[in-house]
Amino acid sequence: MAQKNIIGTSIDRAVELLRAGEVIGVPTETVYGLAGNALDEHAASQIFAVKERPSFDPLIVHVGDVNDIERYVQEVPSILREIMDDHMPGPITVLLQRSEVIPDLITAGLDRVAIRIPAHPMMRELLGRLDFPLAAPSANPFGYISPTTAQHVVDQLGAKIPYVLDGGACMVGVESTIVGVEQGRLTVYRKGGLPIEILREYDDRLKVNIHSDSNPGAPGMLKSHYAPSCGIELVTEYDSGDGIGAITFGETVDGITEEYHYDLSPSRDYQEAARNLFKAMRYLDSLGLFKIQVKLLPEKYLGVAINDRLRRAAAE
Ligand code: TXA
Ligand code: MG
């Protein structure tokens with residue numbers, strides 16, 4: 001059956017659908033989101049249903065402007081205030097004590113709400129036209145790779161949603177970095193598009209607190225995630241053989257069919273590699289390979305977030 005084309009660039013249409021309580025695909029600079037009115041329990045529950053996401057995994061609330069945040073939170077610790085002033089809009093999400101306006105479903109009952117201001121111009125225009133914030137997880141079925149183009153969203157969720165606002169390919173390509181304050185220390189809950197090196201400038205005692213399965217700190221950070229359907233294997237040297245694919249970072253490989261090799265960045269540029277990561281995984285996954293081999297990148301800058309996604313993709 002032919003899929004009707006639900007991709008478009010009409011912000012009017014997106015506004016109309018969101019005001020009507022619908023859930024749609026939206027572009028951000030990190031990955032595409034599956035958005036609905038964050039103050040409407042029904043829209044929020046639709047997001048969980050479309051994604052097949054367990055309700056213990058809370059949603060990020062997206063706002064258009066720093067001044068909009070006040071309504072949704074209680075006090076903002078000064079260190080987070082500084083980070084927000086310097087890096088929002090951008091690929092960073094902050095955990096703040098929530099106000100009563102935020103429905104329980106959004107935070108999965110936790111005291112803190114995750115707040116983010118996306119930098120994508122279309123998303124910013126959309127948020128500016130709405131008088132409510134948007135709850136938006138990445139627009140993929142739970143446990144699969146995040147989408148970085150409108151077509152990725154349609155490929156997996158097209159039958160379940162009325163519209164995907166097309167803002168082109170995502171410029172960052174990995175999800176936002178999540179931070180909060182725990183016992184007075186700046187704490188990273190998800191490695192993402194804003195490098196940890198930058199955050200460490202605000203607190204040299206910075207703590208990384210990423211749990212590999214359900215936990216009250218960041219319930220969604222399951223160990224096995226981003227998993228394509230064929231196996232991903234972390235290697236130190238690439239093997240050759242039938243049905244073996246390879247993801248590389250500025251490296252040539254011998255004995256691997258050209259179409260089965262995806263170089264994230266021939267010039268070893270971390271930003272380019274992050275932009276290409278999920279696309280590479282989706283592409284190789286579509287070939288029905290036996291396995292995909294990949295070497296971890298140097299553990300710095302965006303290599304940190306890329307390696308985190310690769311390790312999760314490789315986890316059983
Ligand atoms: O870049 C991004 O952050 C993208 C785009 C669409 O904005 N969104 C995204 O959402 O990655 P999602 O739902 O796929 O991942 C959000 C993560 C989850 O692991 C969730 O558990 C965690 O944020 N999270 C959300 N609210 C939280 C809260 N109140 N406390 C702790 N963790 C929270
Ligand atoms: Mg996600």
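One-based numbering, in listed order, for ligands and for the atoms of each. For this chain, numbers begin at 1 and follow the sequence in order. FYI, side chains are in, hydrogens and waters are out, and symmetry mates aren't considered; it's all heavy atoms of this structure.
Looking at ligand 1, you'll find an N or O of R116 within less than 3.5 Å of one of its N or O atoms. Between H62 and ligand 1, a contact under 3.5 Å exists for at least one N or O pair. The shortest N/O to N/O separation between T107 and ligand 1 does not fall below 3.5 Å.
With respect to Q151, the side-chain hydrogen bond (donor to acceptor under 3.5 Å, both in side chains) criterion is satisfied by exactly one of T149, D155, T148: D155.
For ligand 1 and L110, the ligand atoms under 4.0 Å from any heavy atom of the residue are 30 (N). The atoms of ligand 1 that sit less than 4.0 Å from any heavy atom of A114 are 25 (C), 26 (N), 27 (C), 29 (N). Numbered from 1 in the order shown, with element, the atoms of ligand 1 that lie under 4.0 Å from a heavy atom of E175 read 1 (O), 2 (C), 11 (O). Taking every heavy atom of I178 and a limit of under 4.0 angstrom, the matching atoms of ligand 1 come to 17 (C), 22 (C), 23 (O). Taking every heavy atom of R190 and a limit of under 4.0 angstrom, the matching atoms of ligand 1 come to 2 (C), 3 (O), 9 (C), 11 (O), 15 (O), 16 (C), 17 (C). For ligand 1 and D57, the ligand atoms under 4.0 Å from any heavy atom of the residue are 18 (C), 20 (C), 21 (O). Within the listing of ligand 1, atoms 6 (C), 8 (N), 10 (O) sit less than 4.0 angstrom from a heavy atom of A136. Interface atoms of ligand 1 facing I60, defined by a heavy-atom separation under 4.0 Å, are 3 (O), 8 (N), 9 (C), 10 (O), 16 (C).
Under 4.0 angstrom from ligand 1, the non-hydrogen atoms of R112 all belong to its backbone. Only the backbone of L59 comes within contact range of ligand 1, with a heavy atom under 4.0 Å; no side-chain atom does.
Note on R200 versus D204: no salt bridge recorded, every NZ/NE/NH1/NH2 to OD/OE distance being 4.0 Å or above. Under the 4.0 Å criterion applied to side-chain N and carboxylate O atoms, R129 and D12 are assigned as salt-bridge partners. Between K160 and E52 there is a salt bridge, since at least one side-chain N of the basic residue sits less than 4.0 Å from a carboxylate O of the acidic one. Salt bridge absent: D131 and R19 never bring a charged side-chain N and a carboxylate O closer than 4.0 Å.
In this structure, R98 has no heavy atom closer than 4.0 Å to ligand 1.
A donor atom on one side chain and an acceptor atom on the other are found under 3.5 Å apart for H87 and Y202. Counting only N and O atoms by type, the side chains of E182 and Y189 include a donor and acceptor under 3.5 Å apart.
Considering each of G193, S176, G173, S138, the one bringing a non-hydrogen atom nearest atom 3 (O) of ligand 1 is S176.
Residues in residues 297-316 take part in these ring-ring contact (aromatic ring centres under 6.0 Å, His included) pairs, two or more places apart or across chains: Y270-Y301.
Because the distance cut-off is set at 2.8 Å, N140 fails to qualify as a neighbour of the Mg ion (ligand 2), as none of its N, O or S atoms comes that close.
A cation-pi arrangement is absent between R309 and F278, since the terminal nitrogen or guanidinium carbon is not both under 6.0 Å from the aromatic centre and inside a 45° cone about the axis.
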Mind running salt bridge (charged side-chain N to carboxylate O under 4.0 Å, His left out) on E299 and R311 for me, showing each step along the way?
CA-CA 12 Å; E299 198 75 26; R311 289 192 186 98; 3.2 Å; yes
